[in-house]
2 protein chains.
Amino acid sequence: MKRKITLKHIARELGVSISTVSKALKNSEEIGSDTKEKVQAFAKLYNYKPNNIAISLKNKRTKNIGVIIPDIVHHFFTTVFRGIEKYANAKGYNVIVCVSDESFDKEVINMELLANGSIDGFIMALSSGTQLKNDYNHLKEVTEQGIPLVLFDRVAEDIKCDKVYINDRKGAYNAVTKFINDGRKRIALITTDDYISVSRERAVGYTQALSDNGIVFNENLILKLPSMEIDEKMIEDFFKREKVDAVLSVNEIFAIHSMRLVQSKGLEIPEDISFIGFTDGLLSKYASPGLTAIAQHGEQMGEIAAEILIEKVENDMEEETFVTKILEPTIIERGSTVN
Amino acid sequence: MKRKITLKHIARELGVSISTVSKALKNSEEIGSDTKEKVQAFAKLYNYKPNNIAISLKNKRTKNIGVIIPDIVHHFFTTVFRGIEKYANAKGYNVIVCVSDESFDKEVINMELLANGSIDGFIMALSSGTQLKNDYNHLKEVTEQGIPLVLFDRVAEDIKCDKVYINDRKGAYNAVTKFINDGRKRIALITTDDYISVSRERAVGYTQALSDNGIVFNENLILKLPSMEIDEKMIEDFFKREKVDAVLSVNEIFAIHSMRLVQSKGLEIPEDISFIGFTDGLLSKYASPGLTAIAQHGEQMGEIAAEILIEKVENDMEEETFVTKILEPTIIERGSTVN
DNA sequence: AAAAACACCTAAAACGTTTTCGTACAATTG
DNA sequence: CAATTGTACGAAAACGTTTTAGGTGTTTTT
């Protein structure tokens, strides 16, 4: 087993000091060219690579970014992650991922662990548990220690940090407006509980589009599913009870489920009823008919988040100025709406 | 900005030595109880947490696991990742993810970077680039340095390390056997190029099941798509050219695509043609009809990989004994096959 | 009363770097 | 030839821990 070689080994072997070796490897002007050559040759021969941990300790920089997301088996979050990873890697950073599992406690634990020197900054989307609890002390602690934090997608107003998310309100607004322009009158919204910031925003957009177009808001046309788990019965009851000709869903799964349900009842999509779903994921793409989707530009979001974070990390500016970047959603039209 | 407090700060503030503080916080018997109390109270008050990097340097243990996967926006890999993360976290480990993007070069770069002290061990699935090139020197280098390595799913025979994957051959075998028992005669296989280990294995299982059941192998019934990108035309030509009554696909996407194609041609699933696809992901679940799938037990795979790795890391046994754990695939029956 | 034991604490090394400062010697200057 | 400058290197501190090996001063033992 070839153990990793250190500066000390090289120094001892070559009969010079550790500092000389260090400088020689950095091609310092201080060191004579013959010594430099000797050291560099030896280092290459034994494949010397500096120890990241030692450098981190010295520099107080880890070149690691902590990413905390609610779930990893999740198309949108992984898309964002891809953007983060791509940008970070290009800048020489590695990414440590922790999954909060939508739990406040796990979010706190993971954050505290990473905050003790393991990372230079955080990129995260809040867990639903945290949004429900509305307790952001763990975030505050971290930022007060001077650790940069960028929130994406699931953000919270009252945290002072950088943020990047899409204009969910506008996404919903545009979708509903499209329904109306297509002549739809009874437009449903399938959503989750309100404490998730994005759901709340989407509901606002939905309502606003209706009122801007003179359609009376009808509470009954909103179906709130209590969890991400599909409640077949609630959906079935909803469609049995309400006559709707368009459905906006805050996620793909609710949409696909509803589509299959109404299809099984003999309705035609999009002739009798059309659908638009948030998140342009796999399901939307491969459903039949394809589900018109509101793209959230996850990869771009990730890249921007990483860019903002790394900028902060590298020029640790004391002045506390925070940016909020809001991306514009895009509607990807597919077969579930009339073109 | 509250900077992180260190042992040195506490020592200076309390007029004791650093070692006293360190021991007091560990509740060492060497320290008098009043001193201990004083130190502990002070530490709690100022929220002292030891610096991970310093501890890593001292212990030569990072409590980080490096995970390298070909892609992150990928249901199966994220499922495995979830298993890894869950187990690792429970054991106090964090996970650093790098995405090889199916590229040999990126895999090498990421590995070398992490190997310089950032992690205690690797869990990875080989990139297709690496499998194509058949060059495993970067893996060898790492293991020779005594860094434990666990390969999952995309493994390679000639690497000496721990491995965990499912019996792909058997998965395909069982699927084809089921087709035959259901009375199917012209059974197609849609796959990728052979250099991906799992595809190769699945093809073997396919062929074996045919021959074990006295069905003549027909080369024309195998469709090899050159890449993960869907080539609509190739699929369409295939189904135009060959009359098939059952399709085994090495992934969901090829299967779903084919299903939609044959449906658009007026065929009924599963009456006229039935489908089974590898990986029990979202698409299989939400397709219509649902796609009968071969589950790969990703989460379990991840947990096992993490368990093996952490065991190795914590009891760094010099004896080089490697385990290979092969999981049994399970068929999840849905509407795309006759029950 | 000297020796031994004990309780409590500190100095210092170690982990592997980087970097500042110092110094020995040679070469140049006035 | 003394003073200055320059070249090439080394010692040591620093990052924040843990841990070993002392080292006090008090108390117990004989």
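Within every chain, numbering begins at 1; the chains are lettered A, B, ... in the order of the sequence lines, protein sequences first and strands thereafter. These numbers come from a predicted model, not from an experiment.
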Does the side chain of B:Ser19 get closer than 4.0 angstrom to OP1 or OP2 of D:dT18 through an N or O atom? no
What I want to check is whether an N or O donor and acceptor connect the side chain of B:Glu30 with the base of C:dC8 at under 3.5 Å. no
Length of the CG-P vector between A:Asn116 and D:dC15, whole Å: 18 Å
Ignoring the backbone of A:Ser17, work out which of D:dG16, D:dA11, C:dA11 is nearest its side chain. D:dA11
I need the CZ-P distance between B:Arg12 and D:dG16, as an integer number of Å. 10 Å
Nearest-Å distance, CZ (A:Arg61) to C1' (D:dG16)? 18 Å
Phosphate OP1/OP2 of D:dT18 contacted by B:Lys23 side-chain N/O (<4.0 Å): no
Using atom CD1 of B:Ile18 as one end and atom P of C:dA13 as the other, report the distance to the nearest whole Å. 14 Å
Could you check whether B:Ser22 gets within reach of a base, just the sugar-phosphate, or nothing at all, counting any heavy atom under 4.0 Å? base
In Å and rounded to the nearest 0.5 Å, what is the OG1 to CD1 distance from A:Thr78 to A:Ile69? 7.5 Å
What is the minimum heavy-atom distance between B:Glu303 and B:Gly83, and which atoms define it? CG-O, 3.4 Å
Hey, does the side chain of B:Lys8 come within less than 4.0 Å of D:dC15's phosphate (OP1/OP2), counting only N and O? yes
Rounded to whole Å, how long is the line connecting atom CG of A:Leu7 with atom P of D:dA14? 20 Å
Between the base of D:dT18 and the side chain of B:Lys58, is one N or O donor paired with an acceptor at under 3.5 angstrom? yes
Separation of C:dG16 atom P from A:Tyr48 atom OH, nearest Å, is 10 Å
Any sub-3.5 Å donor-acceptor pair from B:Ser56's side-chain atoms to B:Asn52's backbone N or O? yes
On DNA chain C, more 5' by nearest nucleotide between A:Thr6 and B:Glu29 is B:Glu29
Under a 4.0 Å N-O cut-off, is there an ion pair linking A:Arg154 with A:Glu102? yes
With respect to the phosphate group of C:dC9, does any side-chain polar atom (N or O) of B:Thr35 fall under 4.0 Å of OP1 or OP2? yes
Less than 4.0 angstrom between a side-chain N/O of B:Thr20 and OP1 or OP2 of C:dC9, yes or no? no
So does A:Lys60 get a side-chain nitrogen or oxygen closer than 4.0 Å to the phosphate oxygens (OP1/OP2) of D:dG16? yes
Separation of C:dT18 atom C1' from A:Ile53 atom CD1, nearest Å, is 16 Å
Just how far, in rounded Å, is P of D:dA13 from CG of A:Leu57? 17 Å
Nearest non-hydrogen partners of B:Lys4 and A:Gln145, listed with the distance: CE-OE1, 2.9 Å
For DNA chain C, whose closest nucleotide is more 5', that of A:Ala54 or that of B:Gly15? B:Gly15
